[in-house]
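Owing to the predicted nature of the structure, the values given are computational and were not obtained by experimental measurement.
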Amino acid sequence: DLEAAERDVLQVFQAKPGFGPAGSLLVEIYSRRGKLPEAARSLEEADSVGALPSESRELLARIQAQLGTQLKTLGALL
């Protein structure tokens, strides 16, 4: 159940954002649930307090690029 997994992993991530696997797993769950903006938000919050490990910062950059591309595509369609 992805909803339960999301709750559990989010709890771990919020308690220990520097634990790299939690961030990666959270992004994977959000991605599968179509909630990529929420993934970016969670990583951005952890990064804003300096708690995000470098591998998660790279993941955040890729997500932001993907979301930026999606917004540009949507803008072109409107």
Side-chain angles (χ1 to χ4, degrees):
D1 174 20
L2 283 177
E3 188 174 332
E6 179 184 328
R7 273 192 314 272
D8 293 345
V9 173
L10 183 58
Q11 185 176 15
V12 170
F13 181 75
Q14 289 173 335
K16 291 260 189 192
F19 181 58
S24 298
L25 185 55
L26 185 62
V27 168
E28 178 65 26
I29 291 168
Y30 276 144
S31 180
R32 289 179 184 219
R33 297 192 71 205
K35 298 168 71 174
L36 211 47
E38 286 87 340
R41 229 178 342 269
S42 292
L43 295 177
E44 288 167 346
E45 287 174 13
D47 195 36
S48 72
V49 296
L52 204 62
S54 60
E55 64 270 8
S56 294
R57 272 191 234 106
E58 292 170 13
L59 182 57
L60 174 58
R62 287 195 304 270
I63 292 168
Q64 290 170 327
Q66 183 178 349
L67 290 173
T69 300
Q70 288 174 356
L71 288 175
K72 287 179 187 174
T73 301
L74 180 60
L77 293 173
L78 296 177

Could you list the donor-acceptor pairs under 3.5 angstrom formed by side chains in residues 58-65, with sequence neighbours left out?
from, atom 1, to, atom 2, distance (Å)
Gln64, NE2, Glu44, OE2, 2.8

Distance, nearest 0.5 Å, that separates CG of Leu43 from CG of Leu52: 5.5 Å

Sequence neighbours excluded and cut-off under 3.5 Å, please list the side-chain donor-acceptor pairs for residues 4-26, or say none.
from, atom 1, to, atom 2, distance (Å)
Glu6, OE1, Arg33, NH1, 2.3
Glu6, OE1, Lys35, NZ, 3.2
Glu6, OE2, Lys35, NZ, 2.9

Checking Ser42 side chain against Glu38 main chain: does a donor-acceptor pair fall under 3.5 Å? yes

Any side-chain hydrogen bond (donor to acceptor under 3.5 Å, both in side chains) involving residues 47-56? Give me the pairs, sequence neighbours left out, ordered by first then second residue. Asp47-Arg57

Looking at Ala40 and Leu67, what are the two nearest heavy atoms and their distance? CB-CD1, 3.9 Å

Partners passing side-chain hydrogen bond (donor to acceptor under 3.5 Å, both in side chains) against Arg32 (at least two apart in sequence or in another chain): Glu28

